[in-house]
Amino acid sequence: MPTQEPAKQPVTELDARYSSALQPRPGAADVTATEWAEARRTVEAAEIFWVSTVRPDGRLHVTPVIAAWYEGVLYFSTGPAEQKAKNLAHNSHCALTTGGNSLTEGLDLVIEGEASRVTDPAVLEEVITAYETKYGEHITSPEGTFHGIGNAFRKGDAVVYAVAPATAYGFGRDDGVYTHTRWTF
């Protein structure tokens, strides 16, 4: 299932304060912002995300989730009684983070936005297809870790959220050359 982007592309900015543009390293003077297309490919391929929500008392709650990018929106789910769902009912602002653990290569991403609950059956079917396409046998095989998640979405046993990015940040590393890119949607 190919993903589609919204007609309006985000504004892309390099933040030189946190990029190698200010550091006297080879290649640093030529550092540029990461293009949104590269960031989107990273989001599409990422298997695990960390969702950060805010508890009613202001404390943060961070937990791993699987998520699928579809038509310019990142979708994830949780159980209706889980802490994430309780937090989002109180405050819909959240961030989803993904990336790697290397100091010298990779692209870490933070996507900020408001999570809105998805209840439209037609949209849920599209999200299920996006999940099945992305995670394959993890969802479609009876032995898969998340087998049955589609039915859980349909029955409401899992709450599905859509996060359209408001702002995203990319932290790139290329053999000691670092970039900090901000995308505003």
Side-chain angles (χ1 to χ4, degrees), residues 1-15 19 32-53 62-78 84 88 92-102 104-118 120 122-141 144-150 152-154 158-174 177-185:
M1 165 186 296
T3 60
Q4 298 174 358
E5 286 298 303
K8 182 180 176 190
Q9 291 297 303
V11 173
T12 302
E13 303 171 77
L14 176 72
D15 191 336
S19 298
T32 59
T34 303
E35 294 296 325
W36 174 245
E38 180 182 345
R40 189 191 74 238
R41 285 190 297 274
T42 301
V43 168
E44 290 172 345
E47 293 182 345
I48 297 292
F49 292 81
W50 292 86
V51 62
S52 301
T53 59
V62 181
T63 187
V65 295
I66 62 173
W69 180 261
Y70 178 67
E71 292 190 343
V73 176
L74 194 55
Y75 293 89
F76 72 96
S77 68
T78 188
K84 295 181 287 296
L88 292 169
S92 63
H93 291 93
C94 67
L96 287 118
T97 308
T98 194
N101 292 316
S102 170
T104 59
E105 63 186 16
L107 179 63
D108 298 327
L109 296 167
V110 178
I111 297 175
E112 296 179 343
E114 290 191 41
S116 58
R117 190 169 177 175
V118 178
D120 181 318
V123 175
L124 286 173
E125 289 303 320
E126 291 173 352
V127 172
I128 291 166
T129 300
Y131 266 71
E132 289 175 347
T133 300
K134 179 175 184 177
Y135 292 101
E137 291 186 0
H138 293 290
I139 291 175
T140 59
S141 169
T145 304
F146 299 102
H147 184 260
I149 198 169
F153 288 2
R154 289 180 189 103
V159 181
V160 178
Y161 292 96
V163 178
T167 306
Y169 300 92
F171 304 91
R173 296 168 309 287
D174 184 10
V177 176
Y178 299 92
T179 60
H180 177 197
T181 303
R182 176 182 29 233
W183 299 278
T184 307
F185 294 81

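Every side chain to side chain contact (heavy atoms under 4.5 Å, CB included) that Val43 has, sequence neighbours left out, goes to Phe49, Trp69, Leu74, Leu109, Ile111. Not counting sequence neighbours, the partners of Ser141 by the side-chain hydrogen bond (donor to acceptor under 3.5 Å, both in side chains) test are Glu143. Among residues two or more places apart in sequence or in another chain, the side chain to side chain contact (heavy atoms under 4.5 Å, CB included) test is passed with Asp120 by Ala122, Val123. Scored by the side chain to side chain contact (heavy atoms under 4.5 Å, CB included) test, Ala37 finds Arg40, Arg41 as partners (sequence neighbours excluded). Asp15 pairs by the salt bridge (Lys or Arg N to Asp or Glu O under 4.0 Å) definition with Arg17, not counting sequence neighbours. Tyr75 meets the ring-ring contact (aromatic ring centres under 6.0 Å, His included) test with no other residue; sequence neighbours excluded. In this view, Phe171 and His180 satisfy the ring-ring contact (aromatic ring centres under 6.0 Å, His included) rule, not counting sequence neighbours. The side-chain hydrogen bond (donor to acceptor under 3.5 Å, both in side chains) check on Lys84 picks up Thr78, Glu82, with sequence neighbours excluded. In this structure Thr34 satisfies the side-chain hydrogen bond (donor to acceptor under 3.5 Å, both in side chains) test with no other residue, sequence neighbours excluded. By the salt bridge (Lys or Arg N to Asp or Glu O under 4.0 Å) test, Glu13 pairs with Arg182, sequence neighbours left out. Residues satisfying the side-chain hydrogen bond (donor to acceptor under 3.5 Å, both in side chains) criterion with Arg154, sequence neighbours excluded, are Glu125, Asn151.
For residues 105-116, the set of pairs meeting the salt bridge (charged side-chain N to carboxylate O under 4.0 Å, His left out) definition, not counting sequence neighbours, comprises Asp108-Arg173.
Thr98 has its side chain out of reach of Ile48: every pair of non-hydrogen atoms, C-beta onward, lies at least 4.5 Å apart. Between Trp183 and Pro165, the closest side-chain pair of non-hydrogen atoms is not below 4.5 Å.
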